[in-house]
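Just so it is clear, the model here is predicted, and its values are computed rather than measured. Residue numbers begin at 1 in each chain, while the letters A, B, ... track the order of the sequences. In what follows, every heavy atom counts, from backbone to side chain, and hydrogens, waters and symmetry copies are set aside.
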Amino acid sequence: MLRLHGIMGRADDRAYAGRIHALEHRGGIELLFVPPEDAGRKRFRLTTDRGTDCAVSLDRDEELIDGALLHLDSDRAIIARFGAQQVWRLRARDPASALKLGWHAGNLHWRVRFEGDHLVVLLDAPLATYRARIQPLLDAGEVVERDHV
Amino acid sequence: MSRLALSRVDAPMTAARVGIGGPVGSGKTALVERLIPALQARGIDIAVITNDLVTAEDAERVRRSGLIDPERVSAVEAGACPHTVIREDPTLNIEAADELERRFPGVELILLESGGDNLASTFSRDLTDFWMFVIDVAGGDDIPRKRGPGVIRTDLLVINKVDLAPHVGVDLARMQREATDVRGGRPVLLTNCRRGEGIEAIVDLLEREVLFRT
């Protein structure tokens, strides 16, 4: 177990660029992939893409960011990478349908944001489980899926 | 400002924060009462926050238990659905945890017990580093199959009151298997909190996942 506490900086900070570039050539970069839904944790245990068991803790006022440099020595750097946040964009056919969609999204406690006339759902679970909740609206054409990424 | 006051303000907040959620009557407070001595026996410095709807019932129960210094038990009154203060706006609980860390600088682990809720109840990652969801066999062996967010997303699913299984017609092995299946193999542990069975396995997991002792 490699015990890591705190964020040293960003992997692309000028202060670290030379050392990280050198480590890249020697295969010394390890990526710690953090699921987006877990990014708020202040203590977690994950394994890097090269198999290093990392026990990570942050101060309560520290926020983990994509690209955070968590460890740097002469042999390796460990960098946090977020998996991309999966989203699902929806558009309602008319105001009545929008009311229904809004009711469902609120009642189901979905995390959402708005993009123009689209409701963007931030997914914390497989898309199918979200789709099932409003399947009748989708089948009736009251709500249209634009895309999911 | 005195040096002591400065150090209290500036001390980093590093205690692991562990949530305990689950339906009404599943045994959350009983689990807390078993975890306290088990954690203390391993030399872990702890504090507790309980959440109730409009009273401090659970906090008083833990304070009176004699298991822990009553000063280390804080109460949060949700005043609304319990999930609102552990997920949508966990500010009250974050402040309660911060205050415990300020008052007890060596604390290593804070247990946050939610008020009894439904299968959709989950904890915000802003509040907890790890959370467990407690169900019990008497609530029905179909609960895991219903795939509630609490059951699916929790870091650890605890199935409590396993001693009651034969009395309520529950096939415990099948219930555990189905729970493991719907959770994609993530941890499911069995407990009988009345007798203290299964508690050490939970402490083992906490030591590894958030205390980094093993």
Side-chain angles (χ1 to χ4, degrees), chain A residues 1-8 32 34-47 52-66 70-71 78 80 82-83 85-86 104-113 121-133 135, chain B residues 9-19 81 83-84 86-90 93-95 97-102 108-110 117-131 146-155 182-184 186 205-214:
Chain A
M1 175 183 70
L2 181 62
R3 185 72 175 85
L4 305 173
H5 180 77
I7 298 170
M8 299 177 65
L32 191 68
V34 180
E37 62 272 22
D38 286 343
R41 288 188 205 241
K42 304 302 181 191
R43 299 178 72 88
F44 55 90
R45 194 147 175 181
L46 288 172
T47 302
T52 303
D53 174 19
C54 296
V56 181
S57 59
L58 307 176
D59 287 336
R60 289 285 154 195
D61 57 358
E62 277 189 305
E63 291 291 336
L64 190 65
I65 56 171
D66 189 32
L70 299 174
H71 177 79
I78 296 179
F82 290 177
Q85 173 69 61
Q86 299 289 300
H104 279 287
N107 199 38
L108 293 162
H109 300 292
W110 286 351
R111 293 192 298 132
V112 301
R113 64 172 185 247
V121 183
L122 310 179
L123 303 181
D124 295 319
L127 175 62
T129 63
Y130 284 75
R131 192 178 272 140
R133 300 279 75 78
Q135 196 64 54
Chain B
V9 170
D10 294 339
M13 302 283 180
T14 56
R17 298 180 181 185
V18 173
C81 296
H83 56 77
T84 58
I86 62 169
R87 185 177 58 207
E88 283 86 348
D89 181 4
N93 276 296
I94 290 173
E95 178 50 37
D98 288 352
E99 175 61 19
L100 282 169
E101 287 206 55
R102 281 191 288 267
E108 298 172 271
L109 189 151
I110 299 174
D117 212 321
N118 56 36
L119 299 181
S121 183
T122 58
F123 277 85
S124 165
R125 286 293 181 212
D126 293 328
L127 176 61
T128 58
D129 306 305
F130 182 99
W131 61 283
K146 293 182 176 178
R147 303 178 61 89
V151 170
I152 301 296
R153 296 185 195 170
T154 186
D155 297 304
V182 299
R183 288 175 46 72
R186 295 164 67 225
L205 195 65
L206 294 178
E207 282 204 310
R208 178 187 146 71
E209 294 298 325
V210 293
L211 295 171
F212 309 145
R213 288 184 165 205
T214 58

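Heavy atoms of other residues, nucleotides or ligands lying less than 6.0 angstrom from CZ of A/R3 number more than 12.
Contact annotation: the side chain of A/D38 never approaches that of A/F44 to less than 4.5 Å [non-hydrogen atoms, C-beta and beyond].
Interface remark: B/R153 contributes side-chain atoms only to the contact with chain A (heavy atom separation under 4.5 Å). Looking at B/A120, there are no atoms closer than 4.5 Å to chain A (heavy atoms on both sides), in backbone or side chain. Within the 4.5 angstrom heavy-atom criterion, only backbone atoms of A/L58 (N, CA, C, O) approach chain B. Of the two parts of B/A97, neither the backbone nor the side chain holds a non-hydrogen atom closer than 4.5 Å to a non-hydrogen atom of chain A.
Using modelled atom types, one finds no donor on one side chain facing an acceptor on the other under 3.5 Å when comparing B/T214 with B/R208.
The pair B/D129-A/R60 counts as a salt bridge, with a side-chain nitrogen and a carboxylate oxygen less than 4.0 angstrom apart.
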